[in-house]
Peer 1: 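Next up is a structure, given as structure tokens.
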Amino acid sequence: MSTFDIPIGPQHPALPEPLLLKLEVEGESVVGVDFDVSYMHRGIEKLLETKTYFQGLPLVERICGICNAAHGLCYTLNVEKLYDKEIPSRAQYLRVVVEELSRIHSHLLWLGVAAFEIGFNTMFMYTWRDREHVMDMLEAITGNRVTTEYSQIGGVRRDISPELAEKLLKTMDVVEERTKYYIKVALTEPTIAKRTQGVGYLSPEDAKATCSVGPVIRASGIKFDVRADDPYAAHDEIPFNVITYDSCDVFGRIIVRAQELLECVNMIRYALKNLPSGPFRIKLPMKPNAGEALTRVEAPRGELLHYTLCEGTPKPYRYKVRTPTLANLGALRAMLTSKGRYVVNIGDVPIIYGSIDPCICCTARVQFIDVKKGKAWTWTLDEIRNMSKKVKA
Amino acid sequence: MSLESYLIEMLKVLVFPGFIFIFILALFYEWFDRKFYAKLQNRVGPLYAGPFGILQPLADLIKLLSKEDIVPKGVDRMLFTAAPLFSLTLSIFATLLLPIFSYKGILSFEGDLVITVVLLTFLCIITFFAGIASYNRFAIIGAERSFLQLIGYEIPLMISVVSVALNAHSLSIQNIVLSQKNMWYILGPNILGFIVFLFAAQAELERIPFDLPEAEQEIIAGWNIDYSGRRLAMFRLAKNIELVFLCGLAATLFLGGPLGPVVPGYEAIFFTIYFIIKSIFVLAILTIVRALFARLRIDQIVSFSWKYLLPLAIIQFLIVRLIV
Amino acid sequence: MEISITFGYHTVFDCEVDRVMSMLSELLKNLFKKRATVLYPEEKDKVHVPEGYRGKLEFYREKCIGCTLCYQVCPSYTIEIITDEKGKRPVFNLARCTYCGQCEDICPTKSIHLTKQFEIISLDKKDLVVK
Ligand code: SF4
Ligand code: SF4
């Protein structure tokens, strides 16, 4: 049978992300896959070097609209490491509240998108409708729906009033009820099961070998969650369970995310009940101490990593971001490759691709292009290391 | 034939219950489908054109008709032009067989039931050619899928129709309607056949969970990816008329068609109303099915048809066989 | 509920009916619910904007002391410092503003306030300059 190529993306109605998937198809099944993420360069890391740490925060939140709270949190935690100051614990608790709230909204959004990828429009409409409750709460707490900018260097933007906390708890009841319903639907609905079980298989070994993160690796049965492994903010005090599922497929990823929603609800409840009193923000000087800092945060999509090098000036010398989608791309290739009895159909591609919750805009990385010779290449880590040695010497 | 009766026949074909009536009905059904679907999903649906957005399908149609006519390079020009035309004509032709305002359709002859089933298959074949004509990768996959799907649902559909015919001892739609005077077939022994017919109709109409040939998320628009403007308008209209046809056929075969209590002398009006109500009932079920499921995969559709629909249809057939 | 038809050891047909029920009941419930959509431009009163929303900003000239702190924290160069009869003061070009609220937070005299107004679109660039 002859094969032919099908391009999916960089513009595709179902995958609104600038990613090109080149599928080699034989009839209905995919036999080869190649992808290209470098359609979007925004120069955010470079731009951050031109701004002070305080000015950089709104920019960092815009790396990704959906995990903005995680980016903002990671950035502030990272910068605060340069200061050697104790951040008030009330602020840390409030940070967790908003972080988990945004995780709920991200996971609900993902559930909707996943349903949409398998053509389940009703579920898509319902989850996005229910997500509005969460968005309203985010708006009430932080002042905006999407770019929350709640976590600030030195604390959080505003305090939470008792009435608002009360309202948030009520919303959590709604979210919990709806989430339980979605879990029930996901577990019982026959067509969802058909379309997701055994699809997008990622064995635990592959998950480890490709360094995947977040719900993808947890759905392969591996307990890996930065909140538990390397607690930040108030996560060392707020108890929660790391959700894992061992089916290693798209179905598992749905269940992991849905169950995480319940965990988030409980964490918010706990945080609000045990909210320490005290100030919610301390003023920090514009200039941090010289040094390096590296922070990991569990964004809704997985481990997020920020690094900065500061030379004692108000502006960073270097700022580096590693987003979870980049870490999961290797796993995506493993999932999309048919091998042996495991066959990937064209129809499975959108949901498999969707199951890593891709966010390509924050992923694209450097490629070197020699315009004169018309050559493009990338450098490996070792090559870059050698190069820097040469420069130093 | 006298001039008068000739004119009346002409009016029947062109206005009521012929082309114009069917055209309006098709747009109305599309509106109902969209609005009801939106309601199920807690949305608004069409809203601005006309009261409750009832003119939205018409507005869409006019918009498409007024668009630039694009024929991409490298398509098979003749097939590319012919496919929408054929699809529209065949679906209109099919609706002429439906008994809308009396016991029989405008066209009625012994064995017209067979023609309806043949037309359904033809419509699917035209879909296939429409996809092939555009020589697009996605379109070819869509066309392939529409054929694969046909393999799945065709046989159960036929068996369910045949068991109705067996029940009525006739292959003509008129006799089938008349034989339901005492009891509609859905209440009688043909309930299973009705279910099979509904699923097959859903597949024929390419609606979720069987909308694979044009699955947006997978192959963008599938077989009709290259069609735009007038041609797309024709396809859409043809799909809507097919929707009317299939809902009407289900109503005719299983719900007694236009039958119901009537005031003598006004049969035509009452029959039309009953026909519309019954076929909208079928449409509502189809819409609920559309909202209820996710899209299946192509292998799953075929296995679903052979594992569930076919046994159901055969059981249906056996039941009817035992009774008759 | 499960319907299944078995001949000997072979299951010819089986179907769990209540598996679709959870979704079906939800669908029918929604049929009679009020729609969730807010028809925005028509139903403006239904749009709920909470206290503390970060919308179009307001500036109170009489309070400002001209410290230029707002200028220093603004990430998007929205603020331009000019000198008028009373001294230094900021001018805001909202076309660049990201509504981050950093200027409001840092201002020592509370001269900047982000209001609840979120409809900021204008056909004239000059309307977007807050003085
Ligand atoms: S809200 Fe933010 S972007 Fe707008 S003027 Fe203030 S600091 Fe600048
Ligand atoms: S920070 Fe406040 S007081 Fe200072 S210049 Fe800006 S508006 Fe005026």
Peer 1: Answer yes or no: does atom NZ of C:Lys86 have more than 12 heavy-atom neighbours from other residues, nucleotides or ligands under 6.0 Å?
Peer 2: yes

Peer 1: Considering only heavy atoms, give the residues of residues 66-75 of chain C separated from chain A by less than 4.5 Å, sorted numerically, with 'none' for an empty result.
Peer 2: C:Tyr71, C:Gln72, C:Val73, C:Cys74, C:Pro75

Peer 1: For chain C, which residues from residues 144-152 of chain A have at least one heavy atom closer than 4.5 Å to it?
Peer 2: A:Asn144, A:Thr147, A:Thr148, A:Glu149, A:Gln152

Peer 1: Does anything in residues 102-122 of chain C reach chain A? List residues with heavy atoms under 4.5 Å apart, or say none.
Peer 2: C:Gln102, C:Asp105

Peer 1: To the nearest 0.5 Å, what is the distance between OG on C:Ser76 and CZ on A:Arg62?
Peer 2: 8.0 Å

Peer 1: Take atom NZ of C:Lys63 as the centre, draw a 6.0 Å sphere, and report whether it contains more than 12 heavy atoms from other residues, nucleotides or ligands.
Peer 2: yes

Peer 1: More than 12 foreign heavy atoms under 6.0 Å from NZ of C:Lys125: is that the case here?
Peer 2: no

Peer 1: If I measure from the heavy atoms of chain C, does A:Tyr182 come under 4.5 Å with its side chain, its backbone, both, or neither?
Peer 2: neither

Peer 1: Answer yes or no: does atom OH of A:Tyr317 have more than 12 heavy-atom neighbours from other residues, nucleotides or ligands under 6.0 Å?
Peer 2: no

Peer 1: Let's test your reading of the structure: which of A:Lys51, A:Met286, A:Met125, A:Arg157 forms the most heavy-atom pairs below 4.5 Å with chain C?
Peer 2: A:Arg157

Peer 1: Residue by residue, scan residues 40-58 of chain C and write down, ordered by number, those that have a heavy-atom distance under 4.5 Å to chain A; if none do, write 'none'.
Peer 2: C:His48, C:Pro50, C:Glu51, C:Gly52, C:Tyr53, C:Arg54

